[in-house]
Amino acid sequence: MKILEARKRISSTKLLVLNPDYPHWERWLMRVSGGLNTIKERFGIEVEYVQSEEVVKRWKEVEKERVRGVVEKWMEQAEKIIEPSRSNVVKVARLYLVMKDLLAEKNAQGLTMAYGDEPLPVPCFAYTTLRDEEVLLHVKPISSLYS
């Protein structure tokens, strides 16, 4: 029964791919034999691309009050802050909010993001926070594509 339930959940999953227009993203995706078509055919998982222009635009336009709330919460919960700087935490909080908004707006259950170029920060803490909120994620940094 659990296998059937898992299959049903997977087949109704929608994943977002943020920044698929970054260099080398397609090369990584083609490691999946058949690419996106195979993912949909074999597992029933829908994949939707969100181009970097939209991600960066949203990232720049996140409301300051929303960001401030996330930053304050994260800093209050921290046992000790060695690094990063507050400005770096703000950048990641903005990215976290963009990811969360996109998941809700597009009714998606998970996401992955090609990254490595400015202005977006490395998304690790945003991923971790979303994972802690029980959002399904797959993480594949651009730098790992070269190994």
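Along the sequence shown, residues carry numbers from 1. Heavy-atom basis, side chains included; hydrogens, waters and symmetry copies ignored.
At least one donor-acceptor pair under 3.5 Å links the side chain of K14 to the backbone N or O of K106. Side-chain atoms of W59 come within 3.5 Å of backbone N or O of K91 as a donor-acceptor pair. The backbone N or O of A114 lies less than 3.5 Å from a partner atom in the side chain of N19, making a donor-acceptor pair.
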Q | side-chain contact (heavy atoms from CB on, under 4.5 Å) assessment of L120 paired with V55 | A | CA-CA 9 Å; L120 300 175; V55 176; 3.9 Å; yes

Point to revise | Derivation of the side-chain contact (heavy atoms from CB on, under 4.5 Å) call for K100 and T129 | key: CA-CA 10 Å; K100 193 167 183 161; T129 304; over 6 Å; no

> What's the verdict on side-chain contact (heavy atoms from CB on, under 4.5 Å) for E46 and T13, showing C-alpha distance, side-chain angles and the deciding distance?
Replying inline: CA-CA 6 Å; E46 180 183 349; T13 296; over 6 Å; no

Review point. Can V17 and E48 be said to form a side-chain contact (heavy atoms from CB on, under 4.5 Å), step by step?
Key: CA-CA 6 Å; V17 176; E48 182 177 336; over 6 Å; no

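With values rounded to the nearest 0.5 angstrom, L111 atom CG is found 6.5 Å from L130 atom CG. Rounded to the nearest 0.5 angstrom, M113 CE and Y127 OH are separated by 6.0 Å. Distance CD1/I81 to CD/E83: 11.5 Å, rounded to 0.5 Å.
For the side-chain contact (heavy atoms from CB on, under 4.5 Å) with R94, the lone residue among L97, V90, V98 that qualifies is V90.
In this structure, the ring of Y96 has its center less than 6.0 angstrom from the ring center of W74.
A salt bridge does not link E54 to K57: none of the charged nitrogens lies less than 4.0 Å from a carboxylate oxygen. Between R66 and E61, none of the side-chain N atoms (NZ, or NE/NH1/NH2) sits under 4.0 Å from a carboxylate O, so this pair counts as no salt bridge.
Minimum interatomic distance between V122 and V92 (heavy atoms only, all atoms of both residues): O-CG2, 4.1 Å. For V50 against P20, the heavy-atom pair with the smallest separation is O-CD, 3.2 Å. Closest approach of V89 and P84 over heavy atoms only: CG2-CG, 3.7 Å.
Contact of the R58 side chain with the L102 side chain is registered, since non-hydrogen atoms from C-beta on lie closer than 4.5 Å. The side-chain heavy atoms of L103 and Q109, taken from C-beta on, include no pair separated by under 4.5 Å. At least one side-chain heavy atom of P119 sits under 4.5 Å from a side-chain heavy atom of V56. In this structure, the side chains of K80 and I82 come closer than 4.5 Å at one or more pairs of heavy atoms.
Atom CD of E105 has more than 12 neighbouring heavy atoms from other residues, nucleotides or ligands inside a 6.0 Å radius. With a 6.0 Å radius and a threshold of 12 heavy atoms from other residues, nucleotides or ligands, E53 has its CD atom at or below the threshold.
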